[in-house]
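Each chain gets a letter, A, B and so on, in the order its sequence line appears, and its residues count up from 1.
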Amino acid sequence: MEKDNIVEKAEAAGGYLNFFVNKEEFIKQVINQVIQQGDKYGSSDEGEGKTVLVEFSSPNIAKPFHIGHLVNTITGNAIEKIFKHLGYNTVKLNHIGDYGTQFGKLISAYKRWGNDEVIEKDPINELMNIYVKFHEEAEKDPSLEDEGRYYFKKLEEGDPEAVALWEKFRELSLKEFKKLYDDFNIEFDSYAGESFYTDKMPEVIDILREKNLLKESSGAQIVDLEQFNLPPCIILKSDGATIYATRDLAAAIYRKRTYDFYKCLYVVGNTQALHFKQVFSVLKLAGFDWADDCVHIGTSLVKFADRKLSTRKGDVIFAKEVVDEAVEKTLEIINTKNPNLENKEDVAKKVGMGAIIYTFLKNNMDKDIVFSWEDMLNFEGESGPYVMYSYVRGKSILRKAENIDINPDLSNLKTDDEFYLAKHLSLFKETVKQAAERYEPFVINRYVTELAKVYNKFYNTHPILTADKEVRDARLALTKAVTIVLATGLGLLGIQPPENM
RNA sequence: GCGCUCGUAGCUCAGUUGGAUAGAGUACUUGACUACGAAUCAAGGGGUCGCAGGUUCGAAUCCUGUCGGGCGCACCA
């Protein structure tokens, strides 16, 4: 054990060995460390020189961004920030769904019913509308399907008109998605989607063929994965076309070459667990040992308490609705509780976004997220606003303090509540590490919640500004340390707390 | 049928490598604003950790079985 002044004595008690710490010394060390390191507190250099790729969000163009995508986006964003805090060089990849027969259908639909004016106004919904219309019409007139396939073929062949239309859809969609990413302050390093890998797939097939891994089965080319106790992975469909597994293989190889990643994290819905097991296994069979560095982080399915969300039945929640509701609700609360607040809209947005992020990162990903407007918009108790409010109160006190001793005597922090706070602050680094090891942002979420809770208790029982000067200054230092860690922790989740609310 | 996963308070969930009397929030009841911001705090009731075996000084945690829910199981992604 490291020699320091913290452990005072140790004694055995009923089969346990109890250590007694020198609280005074402990508190001093923790608080000084937090204040010195500021927003670097809890960081580390364990990731130095290592690149971690995080693939997340990955919406399909020309389709609405629903709540499932939102959960995924928020989760991936937090994971990236957590790894970054640990010193890793991180790269955020948005593997856009921009390839497939569906785009042939969309081109066909556009040529039939597309109206540029309407599309400019509300691109995704209008593209969605004509896409749905295509399917309705195709029920009556099956020849439409052929037309869709025809245009997809054109697209693959590089036909200028088809390509131009596809690019237009892609641009319009991305523009729309970026609005949402802006709301959450998310920026991607790459939008290389499925289409980006089209010309990289032949090589994958060559590699697999060369290693004798490809087998013919019912007309399709597959890789047998029986030794892994997995169903076979289809590489080429019986019509000779590629499939998403092929694209994921090409993407993985491309990424390894381009970034030489230490880890490649796929933040994708839990429902695709088997798919990733198959893809990683194929890579392994092909001799790519780095397949072990590829990790599927399966995000939670979102459902209602009594039923599951169903796109088909129109029982869906769009990301935009969630954002709008949260901001509106926050504005209402501000208007009743703090009507004179400046920049209400800005604050409402921060608090609203924070509430959403908090809700989605509240529990571990093995469980489904039971969505309820009531819970999401309840800003009391364990919630984003609760933690942000604790931060805001701390900052408010710090702003009011005058004539502070920059280097206060921290031995004035004698109460249990103060000790618990210091104790909790000391746990931050370990918490960040654990969140990364488990690939679970909720670990951070629980941490900041607990810290806020302990601070609120302290706040409610002990005077800060009105305490004797020496005690006051020590408590101010403690408050400062708490606000630093709260802001850092929230930041790792992608939550930006306001200074007032 | 097979694989993965979950089952802890009315509800939503913590409880990582087995340890002291199983914890939060919510909801409900009650108390605290002439106090640094009440989006806060304090107090109370609420449990066969799905069930049954097993491993051992000790199991919510590990093993086996079983029941129940979710997801997935070749040419969609």
Nucleotide by nucleotide, 5' to 3', does protein get under 4.0 Å of the base (B), only the sugar-phosphate (S), or neither (-) in nucleotides 64-70 of chain B, counting heavy atoms? ------S

In the 5'-to-3' direction, what one-character label does each nucleotide of nucleotides 24-39 of chain B receive under the scheme B = base within less than 4.0 Å of a protein heavy atom, S = sugar-phosphate only, - = no such atom? SSS---------BBSB

Quick one: look up who [N] pairs with, Watson-Crick or G-U, both distances under 3.5 Å, and put none if it's unpaired.
N     : value
B/C73 : B/G1
B/A27 : none
B/G18 : none
B/U64 : B/A52
B/A39 : none
B/C33 : none

Are A/Arg247 and A/Tyr99 in a cation-pi setup, meaning NZ or CZ lies under 6.0 angstrom from the ring centre and within 45 degrees of the ring axis? no

Aromatic A/Phe196 / basic A/Lys200 pairing, under 6.0 angstrom, 45° off normal: yes

Is [X] touching bases, backbone alone, or none of the nucleic acid, heavy atoms closer than 4.0 Å?
X        : result
A/Ala273 : nothing
A/Asn270 : nothing
A/Glu194 : sugar-phosphate
A/Leu274 : sugar-phosphate

In whole angstroms, how far is the [atom2] atom of [N] from the [atom1] atom of [X]?
X        : N     : atom1 : atom2 : answer
A/Leu451 : B/U40 : CG    : P     : 16 Å
A/Asp366 : B/U8  : CG    : P     : 14 Å
A/Asp417 : B/C41 : CG    : P     : 12 Å
A/Met365 : B/A14 : CE    : C1'   : 16 Å
A/Gln278 : B/G3  : CD    : C1'   : 11 Å
A/Phe152 : B/C76 : CZ    : P     : 11 Å
A/Lys277 : B/G3  : NZ    : P     : 11 Å
A/Tyr99  : B/C76 : OH    : P     : 13 Å

Pairwise [atom1] distance for [N] and [M], with rounding to whole Å:
N     : M     : atom1 : result
B/C67 : B/U40 : P     : 45 Å
B/U61 : B/A9  : P     : 15 Å
B/U17 : B/A59 : P     : 15 Å
B/G10 : B/G45 : C1'   : 13 Å
B/C63 : B/G3  : P     : 16 Å
B/C49 : B/G68 : C1'   : 16 Å
B/C28 : B/G69 : P     : 31 Å
B/C41 : B/A27 : P     : 13 Å

Find out whether A/Phe360 and A/Ile67 are in side-chain contact, i.e. whether some heavy atom of one side chain is under 4.5 Å from a heavy atom of the other. yes

Sequence-distant partners of A/Phe371, ring-ring contact (aromatic ring centres under 6.0 Å, His included), two or more places apart: A/Trp373

Using 4.0 Å as the upper bound for N to carboxylate O, is an ion pair formed by A/Glu55 and A/Lys92? no

Short N-O contact, A/Arg472 and A/Asp468, less than 4.0 angstrom: no

Which one of A/Ile297, A/Val295, A/Val71 satisfies the side chain to side chain contact (heavy atoms under 4.5 Å, CB included) criterion with A/Val267? A/Ile297

Among A/Leu486, A/Leu427, A/Leu492, whose side chain to side chain contact (heavy atoms under 4.5 Å, CB included) with A/Tyr447 holds? A/Leu427

Ignoring hydrogens and geometry, is there a side-chain-to-backbone donor-acceptor pair from [X] to [Y] under 3.5 Å?
X        : Y        : value
A/Glu418 : A/Lys414 : yes
A/Ser383 : A/Gly381 : yes
A/Glu440 : A/Met365 : yes

Among B/U16, B/G15, B/C71, the nucleotide that comes nearest once only the side chain of A/Thr271 is considered: B/C71

Do A/Phe188 and A/Tyr191 have ring centroids that are under 6.0 Å from one another? yes

Can you tell me if the side-chain N/O atoms of A/Asn456 get under 4.0 Å from OP1 or OP2 in B/C41? yes

Measuring to OP1 and OP2 of B/A14, would you say a side-chain N or O of A/Asn364 lies under 4.0 angstrom away? yes

